[in-house]
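This is the structure I want to talk about, given as structure tokens.
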There are 2 protein chains.
Amino acid sequence: MSETPVTTPPARVPTLGDVALEAGVSLATASRVLNGSQRRVADDFRVRVEAAAERLGYTANLSAQTTARGTSAVVALLVADIADPYFGQLAAGVTRAAEAAGLITTIAITERDPERELRLVRTLRGQRPRGIILATSRDDSVDPEPLIRELQNATSAGARVVTLGAGLPGTRTVAFDNRAGARDLGARVAGLGYREAIVLAAAEGVRTSDDRVAGFTEGFTDGGGRVARVLRGGISRDSGYEAASEVLRDEPAEGTLLFGISDVVAIGALSAVRDAGRTPGADIAVAGFDDIAAGRDIVPGITTVHVPLERVGEQALEATSAEEWQPSALPLEVVLRDSTPPRA
Amino acid sequence: MSETPVTTPPARVPTLGDVALEAGVSLATASRVLNGSQRRVADDFRVRVEAAAERLGYTANLSAQTTARGTSAVVALLVADIADPYFGQLAAGVTRAAEAAGLITTIAITERDPERELRLVRTLRGQRPRGIILATSRDDSVDPEPLIRELQNATSAGARVVTLGAGLPGTRTVAFDNRAGARDLGARVAGLGYREAIVLAAAEGVRTSDDRVAGFTEGFTDGGGRVARVLRGGISRDSGYEAASEVLRDEPAEGTLLFGISDVVAIGALSAVRDAGRTPGADIAVAGFDDIAAGRDIVPGITTVHVPLERVGEQALEATSAEEWQPSALPLEVVLRDSTPPRA
DNA sequence: TTGTAAGCGTTATCAG
DNA sequence: CTGATAACGCTTACAA
């Protein structure tokens with residue numbers, strides 16, 4: 001079958017020059033056939049070059065292309081944590097759309113550290129990417145100036161910067177209205193008869209979290225409820241678990257609602273409720289935000305606000321590519337499930 | 001606060017030449033200070049260059065560096081589906097380790113399509129990556145030759161290719177023993193008193209799946225059980241759900257065990273059991289493989305085989321960087337949970 | 001230690 | 001329509 005030679009073969013990567021030589025044409029012609037946009041090459045030349053390339057197993061050297069062209073086929077995506085399903089779905093959307101557009105996606109992780117984010121943007125900028133997508137939520141307690149400056153540099157280097165959710169000056173925004181979605185949710189659960197809620201949020205200043213807290217509070221109070229407490233523990237599953245555990249130590253009344261500002265937090269909270277020996281839903285209600293796919297298998301089903309994550313990702317990619325961009329706001333929808341059964 | 005100028009500023013990206021000029025040194029010196037490895041520059045020159053770079057907001061043009069050096073700081077990661085938590089955790093491990101090593105990670109999605117995989121490898125090869133990590137399981141029903149050839153090209157271009165699980169000739173392997181892990185699992189559940197199992201697997205030929213099926217069958221039959229059926233539906237949550245639904249239509253006896261060859265499949269199956277009105281665990285048992293993080297919040301807890309996913313990712317990255325590599329096999333461990341309660 | 005200059009693989013301009 | 005040849009931004013012998 002296949003003979004794998006003992007010694008490494010040519011070891012040299014065929015270059016465009018090799019192809020040209022092999023085909024007996026000039027470098028320029030080979031380039032035009034293989035990579036150039038405008039096709040103005042005679043057919044016989046064209047086939048010869050293509051055959052030669054095939055024979056040699058030629059692949060364009062992307063870096064060389066990039067330096068020559070001054071622009072790359074890369075889109076950089078910055079996320080807080082790729083193991084978090086929220087970002088996973090988002091990344092799937094971005095990557096899928098990128099591939100369809102012939103672009104390569106580069107992913108970097110900020111771990112929610114603003115300094116790291118800054119460093120990463122700086123490094124990524126070195127790739128001269130066509131676009132940079134920032135899917136890491138803004139934190140108002142951090143001075144945004146350095147980041148803005150850095151992004152401006154990237155922009156003047158030809159990158160289109162897209163921010164998700166909270167916009168940043170000089171960037172394109174793909175948004176969904178966290179506040180309105182949370183408000184709807186608050187109103188709906190109030191309508192179900194809930195009167196007392198405890199919110200599990202991220203640290204103050206994290207824009208997305210703040211918006212959701214504010215929106216929920218508005219909707220819930222307008223509906224006759226009361227937000228008894230806002231705990232600012234964090235944005236991970238574990239912080240949801242811990243915050244909820246703390247709340248449960250005070251033995252909250254039956255019918256109290258725990259609103260986690262993201263499904264990941266809410267799911268942690270739900271587990272905490274169960275581990276504390278109480279029944280999520282019937283006893284202590286839980287609601288989240290995002291409607292991540294993993295939520296489907298949680299019992300009871302988690303009431304939440306559906307965010308079309310993959311579409312958000314796709315739109316973000318489009319925003320990096322489109323000539324013009326008008327900020328869109330994707331629609332959000334409340335989904336009621338068993339974690340918030342109607343109260344008599 | 002921040003004044004965003006109306007007209008685009010310089011619009012030109014500062015180059016190393018600009019820095020050199022600004023600092024009043026030669027290009028070579030600037031290069032040595034900013035990017036060169038061996039530092040042999042007088043201190044006063046060094047500070048002048050650094051200051052100039054800072055002032056200008058210079059960032060090295062990675063592509064130019066790559067073409068000049070002939071090698072890049074990129075590691076390419078190929079996964080089947082980034083929205084799948086299995087790959088998410090894996091990617092997190094890879095990316096974290098990469099960043100620590102000063103490398104950039106590029107992620108592409110194969111969607112389990114071998115042709116797409118081939119195309120992607122070909123494209124990625126153009127980036128002249130330092131390493132390529134293939135985290136997409138081998139399918140024995142597909143001719144591996146084209147991929148092997150492509151990878152060989154990549155290798156001779158200086159990339160180190162790492163495959164996860166099933167090795168491919170000419171590549172480094174980071175493995176864990178699926179077969180042994182599954183065998184242990186089979187033995188353990190047989191020990192719990194289960195006597196009848198149905199396996200939910202991927203299509204025949206998918207190496208990981210086949211290994212797990214084989215291992216489980218060995219362990220389970222040795223323990224006195226019987227694998228009644230092997231359904232080959234797929235590898236996603238939904239295929240697990242569907243396969244299980246089909247099984248349930250035949251009203252399997254109480255105490256039947258459903259073994260999903262991955263947690264994702266098992267979780268889908270578990271939901272199907274519940275949706276069919278039966279009680280997962282007590283009534284129909286369920287077991288999986290991988291021990292993904294999302295499993296923590298599933299009730300009942302899913303019996304599974306723990307795979308240290310993030311460490312696997314880290315090791316994969318190490319394998320791309322290390323000078324020498326000896327295939328390691330990470331240890332796997334069975335974790336018994338409530339989805340397989342002991343049977344009398 | 002510093003500078004000069006010759007590449008790296010492509011693209012793109014501009015004559016033929 | 002094709003082919004020299006000058007960029008692209010950077011690295012790296014080789015000299016000074």
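A, B, ... follow the sequence lines: proteins, then strands. Residue 1 opens every chain. Only this structure's heavy atoms are used, side chains among them; waters, hydrogens and symmetry mates stay out.
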Query raised in the report: Reading nucleotides 3-11 of chain D 5' to 3', which nucleotides get B (base under 4.0 Å from a protein heavy atom), which S (sugar-phosphate only), which -?
Result: BB---BBBB
Report task. Take Ser63(A) and Thr67(B) through the side-chain hydrogen bond (donor to acceptor under 3.5 Å, both in side chains) test and state the conclusion after the steps. Result -> CA-CA 6 Å; Ser63(A) 315; Thr67(B) 55; over 6 Å; no
Query - Under-4.0 Å salt bridge between Arg119(B) and Glu115(B) - result: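 No.
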Query raised in the report: Would you say Arg172(A)'s side chain and Val162(A)'s backbone share a donor-acceptor pair under 3.5 angstrom?
Result: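 No: the side chain of Arg172(A) does not pair with the backbone of Val162(A).
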**Report entry** Side-chain donor-acceptor pair present, Thr171(A), Thr163(A), cut-off under 3.5 Å
**Finding:**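 Judged by distance alone, the side chains do pair up.
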Requested in this report: For Arg69(A), check side-chain contact (heavy atoms from CB on, under 4.5 Å) against everything at least two apart and list the hits.
Outcome: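 Arg69(A) satisfies side-chain contact (heavy atoms from CB on, under 4.5 Å) with Gln65(A), Thr71(A) only.
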Show me, pair by pair, the donor-acceptor contacts under 3.5 angstrom made by side chains of residues 314-322 of chain A, not counting sequence neighbours?
unit_1: Gln315(A); atom_1: OE1; unit_2: Ser328(A); atom_2: OG; d: 2.9
unit_1: Thr320(A); atom_1: OG1; unit_2: Leu317(A); atom_2: O; d: 2.5
unit_1: Ser321(A); atom_1: OG; unit_2: Leu317(A); atom_2: O; d: 3.3

Requested in this report: Not counting sequence neighbours, which residues clear side-chain hydrogen bond (donor to acceptor under 3.5 Å, both in side chains) with Thr59(A)? List them please.
Outcome: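 For Thr59(A), the residues satisfying side-chain hydrogen bond (donor to acceptor under 3.5 Å, both in side chains) (neighbours in sequence not counted) are Arg125(B).
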Requested in this report: Sorted by first residue and then second, give each side-chain hydrogen bond (donor to acceptor under 3.5 Å, both in side chains) pair with at least one member in residues 17-28 of chain A; sequence neighbours left out.
Outcome: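 Applying side-chain hydrogen bond (donor to acceptor under 3.5 Å, both in side chains) to every pair that reaches into residues 17-28 of chain A, excluding sequence neighbours, yields Arg12(A)-Asp18(A), Glu22(A)-Arg55(A), Ser26(A)-Thr29(A).
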Query - Rounded distance (Å) that lies between atom C1' of dT1(C) and atom CZ of Arg48(B) - result: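 From Arg48(B) CZ to dT1(C) C1': 13 Å.
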Query - Axis-to-axis angle between the two ends of the helix from dT1(C)-dA16(D) to dG16(C)-dC1(D) (five base pairs per end, rounded to 10 degrees) - result: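 That helix has its two terminal axes inclined by roughly 40°.
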Query raised in the report: To the nearest Å, how far apart are Arg46(B) CZ and dT1(C) C1'?
Result: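 It works out to 12 Å between those atoms.
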